Structures are given as C-alpha cells and as structure tokens.
Amino acid sequence: MSTVVMEQRKRIHPHKFTLWVGVASIVMMFAGLTSAYIVKRNQANWVTFDLPVMFWYSTVVIVISSFTLYLSNKAFRQREMAKYRGLVVATLLLGIIFVIMQVVGFNLLWLKGITLTKNVSFSFLYVILGLHALHVIGGVVALVVLFAKAFSSKVRNYNIVPLEVISTYWHFVDALWIYLLIFLLLIR
Amino acid sequence: MSNIATIQEADVHGAHETHHEHHHHETFISKYVFSQDHKMIARQFLITGMIWAIIGGLFSVLFRLQLGYPNSTFPWLEDLLGQWAKGGKLQPEFYYALVTMHGTILVFFVLTAGLSGTFANFLIPLQIGARDMASPMLNMLSYWFFFLASIIMFSSLFVQTGPASGGWTIYPPLSALGDASSGSKIGMDLWLVSMAMFIVSSLLGGLNYISTILNMRTKGMSMTRLPLTIWALFFTAVLGVLSFPVLLSGAILLLFDRNLGTSFFLSDIVVNGKILPNEGGSAILFQHLFWFLGHPEVYIILLPAMGMSSEILSVNSRKPIFGYMAMVGSLFAIAILAFLVWAHHMFVTGLNPLLGAFFVLLTLLIAVPSAIKVFNWLTTLWRANIRFTPAMLFAIGFVSFFISGGLTGIFLGNSALDIHLHDTYFVVAHFHIVMGVASFMGMFAGVYHWFPKMYGRFLNNTLAYIHFWITIVGAYLIFWPMHYEGLAGMPRRYYDFSMWESFKMFTGLNEFISFVSMIVFAAQLLFVFNFFYSIFKGRKVTTQNPWGANTLEWTTPIRPGHGNWPGEIPEVHRGAYDYGKDGREFIPQTEPVGEHESHH
C-alpha cells in the first residue's frame, strides 16, 4: 500500500480540491449577478449613488482578518498552539465585526433613502452585498467549529487540512469582497 | 514541513482505510437510509428518479388525453383529480400545471438527478478504482437535499391553488407576480424553494464527482486510460457546477421580486386593470440568466447518456471504441460550446440580429463535435461481432435518436428559420427526441448493463426486449409527426387545438399521438415491474464479469461491500478498450502489457 501513498503525494488533498471547485461555483453565481447588474445599468432608470464610508472600514477589517488567519496557519505549523488559538479567535471576532459593519452600512444607506425597492440599482446592491455577507457568515460558522476543535482537549489533532480548507475559503470571501467593492465603485 | 506532508498523506490514505473498516458494524439505518456508500446512494437516486419518472410520465399521458381528445369527457378523471377535472375534462389552469410539472420533473428530477446522481455515484469510484467518493458525507447530503427538494415539489402538487404553471422555464412576469395566475401563487414559491434545494444537491454532488475523478484514481489510471463514461460524467459535473449557480442567482432575484417588492424583472405591468408600481426591470434579463444554465443543462442531461452508450457500444461490439481521444476531445468541445449558445433560445426576444448571428454560428459549430461522436459510434459498430443485449439495443437506440434529434437542431439553430419555428411543435419534437428520448435510451442502456453490478442479478431479457421495441417504435411514432405539425405552424402550450380551423386537419394525428403515448407509458411500467421483480427474483449473477468487459468495476466481488475491493485496489496497466486485440476477445485494464503485444 505504500506505493499508493507515494502515488498520491504530489496530488492536492481531495477536500482542498473540492473547496476550489466550490469556489469556482460561487464565482459563477456572483458573475451571474454582476453581469445582470451590468446589463441593467445600460438601461433606463439607473440611479448612481455613493457607497457609505463604513464599507471602507469594513474592508480594512476583513483584510486584517485574512492576515490573522494567515498567522494562525503559521503558528499551527510551528505547533505554537496557544498562539494559534488566539489568532483563530481574533479572526473570528474580526469576521463578526465585518458582518456587523456591513449591516450598519446597509442601515446608513437605508436612512439616506436608498431602500431595497426604490430603484433597481439599489436592489442590486442589497442582493449582491447581502449574499456576500451570507458567505462571510458561513465562514464565521466554519471558524466557530475550528475554534471549538482548537479548545477541545480530548484529541491532540495536528491535522492541518481543515484549517487550510477554511483559510482558503476565508481568503476567497475576502478577495470576493474587494472585487465587489471595486466593481461597485467602477461600474455605477 | 516534511512532517506536515506526512500528515496530509496519511489523511488521504486514511480516507480510504476508514471506509474499508466501517462496513462491519452497519445498522439498517446506516446501510439503507443514511448510507455513505456511493453504491447505495446511487440506488437511492435511481429509485427516487424512477418514482419521479412515473409521476412525470403519467402527467404527460393526462395532458395528451386533453390534446388528443379535446371534445371528450372522462368521468374517471374527476375521481382522480377532483376540481382540476370538473365534469371529466381537464381544466385549462391544471393543463398548464401538468405541462410545467412534466417539464420540471423530467428535466431536473429524472434526467439530471436520476441520471447523473445514479451513474456518477455508482460508476466513478468503481471505474477509477477508488474505495468511495472524495467526501462520502457530502455525497450523502447531496442525496438528502435531493430528497428534500422532491418532498417540497411533491407537496406543491396538493396545494389549493395548484402547482407552478408558468412553464418549466418560469419566465417572469408569470412567475414573479402572485396574482398573475393560480399557478403563480404558493405553488410557484414551493417550486423555487424546491429548486434551491435541488441546486444545492447537484452542486454537492458535482463537487464530489470532479474531485474524486481528479484525485482518487488508482495507480496507473491516467486520465487517458479513463473509460469514456467517466469522461462524460466529469464534463457533466463541470457543466453543473458552473451553470447551476447562475440559475440560483436568477432564482434569488426572482424570489426578491416575488416577495420583497423589488423590480429586477418587472416593469410597467398591469394586472386586473391596476398598474403595478414596479419599474425599471427587464423580463429578458431573466431569460439570459435562465438559459445560461438552461442550455448547459441540456448537455448535463445528454453527456452521461453519451458516455454510457460509448462504453456499452464498445463492450458489446467486442471492438475498441473508434477514436478514443477524438471522443474525449469532442466531449470537451461540446462542454465549452454549451456555455456560448444560450441566446439561441431567445432569437425572438428582440435580440440584436448581429448578436444573433454569432449565436447561430456557435450553435451550428456544435454539429462538428456531435458529428465526430456519431461517426465514431457508427465506425465502432461497423463490421463488429455485435451482441444484441438489451443494453446494446438501447445504446444503439440512443445513437439513432441523437442523430434524428440533432439534425433538427441544425434547423432550429438558424435564427432565420427559428423565427418561424419558435414555440411550435417542431421545437417540442426536437428537444423531446434529442434530450428526452435519447437520454432515456442511454439511461436504460446503463440500467440494463450495470443492474447485475448493482443488485447481483440480471433483469429479465424477454421483458427487456418488449420494453425496447415498444419504446423505440413508440417514441418515433409520437414525436416524428410533431415535426409536420410544427412546420404547419401548430404552436406549443395550447390547451385545445380544435378551436382553430387551421389546425383541425391535425385532429386525427393528435389522437394517434395521444394513443401511442399511452402504450409507450405502459411499456415503461413493464420496465418498472421488471426492475423491482428482478431485484428479488432475477437470475443470479454467477461470474464476476458477465459481459466480458475491461473496466475495473468487473474486478470487484459480485456484490461489492463498502470499500469495493476486499483486498488492495487493483493497479491499471492499459486503457479501457482493448477488445479483439491480438486474437483475444478482451483484455481487462488490470492486465500488464505483454512484451510482444501489438499497438493499436
């Protein structure tokens, strides 16, 4: 059986690969939404508006969270488990703060009269960014699971695959946010 | 770092080993209900798909009754359907609901989940030499999401206002406005929720199929040694993973329009004399999002049938498949083109004619890889020592319908002709032949061929031959005349053609089509009987490799347990199609290449 292990050494772990295919799938969903946005923008009744400053702050928060998660990966590899746990908690908190900031951002827009149903350009903003926030919440749930695992004292688990899978996903939703922000700034 | 690499390896390896050991302490629930064994999940998909096929087929018989005998009443219909068939005559609202549900059920629940779900789950690990899927857990979830989608869709049949009735393509505004028709009410909401579950199911399945094929192949199983079934299922999964999310985005926007008052797809609409406040939306936008899934969906349905037919044609011709690499290449070409032709469903939406011309060109280009495949199937059959097993007959039937239906695709792909033929029975005939009947032929071929591996018994051959001949002759008798009706301008979706003078000449023909459809439906019930009877009473399989095939699934025990091979996974030394080589009838993939062996 050792030959089988040799054979599979070069290959990517199936779970990681599965995640990458899943990422491609999520990309297609947002591609569908943003291309619908572009099509609509070229038609009548399109209203342009400014994004709230809150979205800039939330960008900073999610970028920092990617960085702390990167450091936690590093700590895990070096078996500095206390540091690893701290960094996972920091990432988790930053993720929650990001979602709260998005909600606050939505609220600011709403107060300015940019409501869901008033104009189709407003509707698109809420749907696209809302779906992104849902994906971040999915990442937060995954981090909670990881967090629970990190504090479980029963098993000393040094399997890095779950951490790497969740990290890849987290960096992806971070990159997706930056793409969406640039998209909304350039195409309006 | 080396330390970590070892952990990862152990995990990849461990994924195999743990399943291998698990099957000792299985309970009824873990074996038959919440099973993580890919073979059991495949059987669950197949049987659920068959139940749906019976329901969807029965619906078509019911609405064919209306189309064939528009002026007759059937008192038993009222007993069966109650208020939907008052006085023994199908109500127009329910006629549309039946047509919509027939399309939805057959396209998604039978020919997507029932076909890919069954054969991708069953064949991928067995044919690539893996103990199970990359993630058996996600695989199980994939079935249960499908089950949930099924329950929701089934329950929508029983709501007061009826199931969704705006067509399986759920175009707005019919689908976006609850007041538009009775089928636009709760039935439509249930349709959307069910489809969301269905999309989750097919995404989880697709993710698994792709990563299993790319990462879990046994030693020596290079991509170019894969059986064509696996290639086809691979491209099917890629299409699903990349196109279903776009439908999901369309469905989400539609849900917002329906329930939260947005106007993505709605503008300037008057319902019951009242002007709606919705402004700025575009119904055409939905069509783009829908058909970006909708066209790849056609190939999601067709490719597995192509792959299985290729395999079965080669095994039963006792000849190598002609042009293996060309077969893979043409599958790839079809998969790419599938994403670039969606607007050919929209030639009459006011699409810019220049843009239409591009879509015409890309659509007609599909004829090239399709023709390559057809010629390769025919040359595989050419001068072969054919064994006419039921599976082989259905595989040949698949080729026949793929040719007949594919040729009319060339008619419809031309926008100039399509403007005349759009929304007529010509289109109905075309897509029923090329993706409906052809895919069913491939699916039946697959069931007859792999049933011995699934249940350790054979299906009854006599019933199988009766099933085949009634199906192939009946399907042509049903759909061939529809081409003429379509050319004469008879439109789709109409409830009663006897109201138009110009279509009165088709009264007899419509009655004939309806009559044949009932016979063909009865023949399918014969198959269902054969299937369930043979599970328990069929002739037992006594040899490991009853068809004399080369692929790995026939190296497992007759009824493989969870883990597939009791010992080590066999190593692969050659491609899957060494038939009739060097005077030998077949050479299994596990046999090392001999020193003096000739090259093809």
Side-chain angles (χ1 to χ4, degrees), chain A residues 1-37 39-40 43-47 76-77 79 115-124 126-128 130-131 134 157-162 164, chain B residues 1 3-5 7-13 15-17 133-135 138 203 206-208 210-212 214-220 237-238 241-250 252-253 256-257 260-264 267 277-282 284-286 288-289 292-293 568-569 571:
Chain A
M1 282 308 261
S2 61
T3 48
V4 176
V5 178
M6 290 292 285
E7 177 67 13
Q8 284 174 339
R9 175 185 283 170
K10 277 175 286 175
R11 292 191 195 146
I12 182 173
H13 189 282
H15 292 175
K16 279 196 222 165
F17 187 82
T18 306
L19 178 83
W20 279 109
V21 183
V23 163
S25 186
I26 298 171
V27 165
M28 285 305 289
M29 185 175 82
F30 281 94
L33 289 168
T34 47
S35 56
Y37 177 100
V39 171
K40 259 334 301 146
Q43 293 171 359
N45 298 335
W46 190 260
V47 177
F76 189 96
R77 287 212 173 86
R79 299 284 179 271
T115 57
L116 177 69
T117 56
K118 204 175 213 172
N119 186 284
V120 71
S121 56
F122 306 162
S123 312
F124 265 114
Y126 284 103
V127 172
I128 294 175
L131 275 173
L134 276 181
N157 190 351
Y158 290 124
N159 182 3
I160 198 170
V161 172
E164 286 189 344
Chain B
M1 269 311 279
N3 196 352
I4 288 124
I7 292 170
Q8 286 192 22
E9 271 163 28
D11 200 63
V12 172
H13 193 197
H16 281 152
E17 287 306 296
M133 286 287 178
S135 173
L138 285 188
L203 288 177
L207 296 179
N208 237 329
I210 295 170
S211 56
T212 306
L214 291 181
N215 297 297
M216 312 272 288
R217 301 190 308 279
T218 185
K219 190 163 188 247
V238 171
V241 161
L242 297 181
S243 65
F244 269 114
V246 181
L247 176 67
L248 186 61
S249 66
I252 290 168
L253 298 182
F256 269 80
D257 272 7
L260 295 168
T262 55
S263 317
F264 292 110
S267 195
N278 305 77
E279 235 182 278
S282 154
I284 304 291
L285 178 63
F286 179 83
H288 280 293
L289 290 173
F292 192 84
L293 156 94
E568 286 184 17
I569 303 176
E571 196 177 324

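Protein chains get the first letters and strands the later ones, always in sequence-line order, with residue 1 at the start of each. Just so it is clear, the values below take in all heavy atoms, side chains as well, and ignore hydrogens, waters and symmetry mates. What you see is a predicted model; the values in this text were computed from it and never measured.
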Would you sort out whether Ile210(B) and Val238(B) count as a side-chain contact (heavy atoms from CB on, under 4.5 Å), showing the intermediate values? CA-CA 7 Å; Ile210(B) 295 170; Val238(B) 171; 3.9 Å; yes
Side chain / backbone / both / neither for [X] at chain A, heavy atoms under 4.5 Å:
X	value
Leu242(B)	both
Leu138(B)	side chain
Ile284(B)	neither
Phe264(B)	both
Leu285(B)	side chain
Ile252(B)	side chain
Glu279(B)	both

Tell me, do [X] and [Y] make a side-chain contact under 4.5 Å, heavy atoms counted?
X	Y	result
Ser121(A)	Lys40(A)	no
Ser249(B)	Leu289(B)	yes
Ile160(A)	Arg77(A)	yes

Could you walk me through whether Phe292(B) and Met28(A) pass the side-chain contact (heavy atoms from CB on, under 4.5 Å) test, one step at a time? CA-CA 11 Å; Phe292(B) 192 84; Met28(A) 285 305 289; 3.5 Å; yes
Derivation and outcome, side-chain contact (heavy atoms from CB on, under 4.5 Å), residues Phe122(A) and Leu116(A): CA-CA 6 Å; Phe122(A) 306 162; Leu116(A) 177 69; over 6 Å; no
With a 4.5 angstrom heavy-atom cut-off, which part of [X] approaches chain B: side chain, backbone, both or neither?
X	result
Phe124(A)	both
Leu131(A)	side chain
Val120(A)	both

Determine whether the side chains of Thr262(B) and Asp257(B) contain a donor N or O and an acceptor N or O closer than 3.5 Å. yes
Quick one: which of Val39(A), Thr117(A), Ile26(A) has the most heavy-atom pairs under 4.5 Å with chain B, could you say? Thr117(A)
Atom CH2 of residue position Trp46(A) - does it have more than 12 heavy atoms of other residues, nucleotides or ligands inside 6.0 Å? yes
